[in-house]
Trainee: 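Dropping the structure in here first, questions after.
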Amino acid sequence: MQYHSTRDNGISVTAAEAIKKGLSVEGGLFVPESFPEVSADEIKALAGMTYNQRAKFILGKYLTDFTEEELDYCVNNAYTEEKFGTKKIAPIYKLNSQAYFLELWHGPTCAFKDMALQILPYFMTTSMKKTGEKDEIVILVATSGDTGKAALEGFRDVNGTRIIVFYPNNGVSEIQKLQMVTQEGNNVSVAAVNGNFDDAQNGVKKIFTDADYAKLLERNGFKLSSANSINWGRLVPQIVYYFSAYADLIDNGEIECGDKVNVVVPTGNFGNILAAYYASKMGLPIAKFICASNENNVLTEFISTGVYNKNRAFHTTISPSMDILISSNLERFLYDLSGKDDKLITEWMTKLNSEGSYEISADVKEKLVTLFSAGCCNDAETMETISRTARESGYVIDTHTAVAKAVYDKYVAETGDSTKTIIASTASPFKFNQSVLIALENHNAVLGKDEFTLLNELSEKSGMEIPKSLAELKNKPIAFDLVCDKNEMQAIVSDFLMVE
Ligand SMILES: *Cc1c(COP(=O)(O)O)cnc(C)c1O
């Protein structure tokens, strides 16, 4: 299997090269040249397998340059019961006879980013080895919260890698900050940047594009890389859990193999929902993709009008991991819908960059609306959905999952569609404990209480156990108290790597 760029079909690289590079030179994203088919019999066979066996089967179809042993090494180091607290890795929760939550948050940082970031480091080091790379890889991350911690946990103590995460000093939640500053591992560093997420992000970009600095690092045996969600190595592991969920539904007698299901995904960068689309291209029977957004509803509008327009107010919401105006992975989806028209994609993406908007052609739009449905909800509806879901079924969901549930409920009310539906549950409610407790009770329930009191109260209220990794934060020493200005970020990297 070779990989092309969405902006140049002439580019052709192996999976290992695509993973090592992250982004194609002309700015396009790597996409597989074709979608390997999975037959109905093969899907049926998945039902009897463990998550790791399913993962190896699906990943093997894309990472054809990886050996059997290499795939085993990656999968078995990433998805362990010890790290995920469950053998199932990504279990299904049956809400009722029609809707099922796919719990993607059992990993070490309690959000779905773990599903990809636990395995990416192994893909990365394997890819380096396969391509003859001798340098040590230095992962640079600017984070608004979830990605930074998931990347730190994924890369910690992985041989041949180092990782440095920059977060905005006053831009992450208390628990996210605690998760990062108490990070363990011999190859990690964390620093707060005075400024907002954009400052941290721009600082990282500047280090990445400084050619002289790259040379200095190379002389010292280091090469910079990134772990953000446009890397093929982050997308491909996400295809696995849609197959796994479907296989579980067969296994539990909820569906017959071949029955169509809907999927609902709370969307930000469009990575998670794109993985579901890729699964359907391979043969997974999906009827409708329902794209759920919060008040940053650029995708909802796009799916109904065919116009992508990022020129709009940015809203800070209680589902912050979806506060995004540029959904990078949409590019891969449009590439496929347009019949791999790299010229057209380049034109649209150039327009997005210069004018902040573009309009897709009528034929692409028609394909889009037959496959996709979209909806959005505001913070008040999100809160109401958490509260109503808990009242009706005793199941407590986080704010991001609640956006998906709210949009799904509206979809069912409008269409009467009774197709069985998988709702992607992307974070543990404990990670967003403050909003969840307010939804379940009221504002007074959280006033003046620290994070650990809130975790305890949410546990009592929900009957769910506090995730071990969050409970343990209380006794972890602070390992990082670095605070820097945005123009000092490069110096922090140099100090960490001991280069000058
Ligand atoms: C990142 C994230 C999302 C959005 O996922 P995309 O792949 O960017 O669409 C949704 N929920 C949570 C909790 C996240 O961390």
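In listed order, ligands and their atoms are each counted from 1. Only this structure's heavy atoms are used, side chains among them; waters, hydrogens and symmetry mates stay out.
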Trainee: Run the numbers for me: atoms of ligand 1, each under 4.0 Å from some heavy atom of Ala427, listed by number.
Mentor: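 Taking each heavy atom of Ala427 in turn, ligand 1 has 13 (C) under 4.0 Å.
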Trainee: Below 4.0 angstrom, N of the basic side chain to O of the carboxylate: do Glu331 and Arg7 qualify?
Mentor: yes
Trainee: Decide whether an N or O pair under 3.5 Å exists between Thr426 and ligand 1.
Mentor: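 Yes - when backbone and side-chain N and O of Thr426 are compared with those of ligand 1, one distance drops under 3.5 Å.
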Trainee: Going by the order shown, which atoms of ligand 1 are within less than 4.0 Å of some heavy atom of Gly271?
Mentor: 6 (P), 7 (O), 9 (O)
Trainee: Tell me the contacting part of Asn269 for ligand 1: side chain, backbone, both, or neither, using a 4.0 Å heavy-atom threshold, strictly below.
Mentor: both
Trainee: Before accepting this row, confirm whether a basic side-chain N of the pair Arg332/Asp336 lies closer than 4.0 Å to the acidic partner's carboxylate O.
Mentor: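 A salt bridge is absent here (no side-chain N lies under 4.0 Å from a carboxylate O).
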Trainee: Measure centre to centre between the rings of Tyr308 and Trp348, then say whether the value is under 6.0 Å.
Mentor: no
Trainee: Considering both backbone and side-chain atoms of His400, is one of its nitrogen or oxygen atoms within less than 3.5 Å of a nitrogen or oxygen in ligand 1?
Mentor: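 No, His400 has no N/O under 3.5 Å of an N/O on ligand 1.
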Trainee: Answer yes or no: is there an ion pair linking Lys474 with Asp450, defined by an N-O contact shorter than 4.0 Å?
Mentor: no
Trainee: For the residue pair Phe66 and Phe123, does the interplanar ring angle fall in the parallel (under 30°), tilted (30 to 60°) or perpendicular (over 60°) class?
Mentor: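 Aromatic pair Phe66/Phe123 classed perpendicular.
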Trainee: Going by an N to O cut-off under 4.0 Å, is there a salt bridge joining Lys88 and Asp248?
Mentor: yes
Trainee: Please identify which atoms of ligand 1 are closer than 4.0 Å to at least one heavy atom of Asn272.
Mentor: 7 (O)
Trainee: Please indicate whether any nitrogen or oxygen in Gly268 is less than 3.5 Å from any nitrogen or oxygen in ligand 1.
Mentor: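 Yes; the residue has a nitrogen or oxygen that sits under 3.5 Å from a nitrogen or oxygen of the ligand.
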Trainee: Which of these, Lys21, His4, Glu17, sits in a side-chain contact (heavy atoms from CB on, under 4.5 Å) with Phe30?
Mentor: Lys21
Trainee: State the atoms of ligand 1, each with its element, that fall below the 4.0 Å cut-off from a heavy-atom position in Pro266.
Mentor: 4 (C), 10 (C)
Trainee: Specify side chain, backbone, both or neither for Phe112, according to which of its non-hydrogen atoms lie closer than 4.0 Å to ligand 1.
Mentor: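 Phe112 to ligand 1: side-chain contact only, backbone stays beyond 4.0 Å.
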Trainee: State whether a side-chain donor-acceptor pair under 3.5 Å links Glu451 with Gln434.
Mentor: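 Their side chains do not contain a donor-acceptor pair, so the 3.5 Å distance test is not met.
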Trainee: Can you check whether Thr267 has an N/O within less than 3.5 Å of an N/O in ligand 1?
Mentor: no
Trainee: Classify the ring geometry between Tyr79 and Tyr51 as parallel (under 30°), tilted (30 to 60°) or perpendicular (over 60°).
Mentor: perpendicular
Trainee: Any N/O of Ala111 closer than 3.5 Å to an N/O of ligand 1?
Mentor: no
Trainee: Under 3.5 Å between some N or O of ligand 1 and some N or O of Gln238?
Mentor: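 In fact, backbone or side chain, Gln238 has no N or O that close.
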Trainee: How far is atom 2 (C) of ligand 1 from its nearest protein heavy atom, and which residue and atom name does that atom have?
Mentor: Lys113 NZ, 2.5 Å
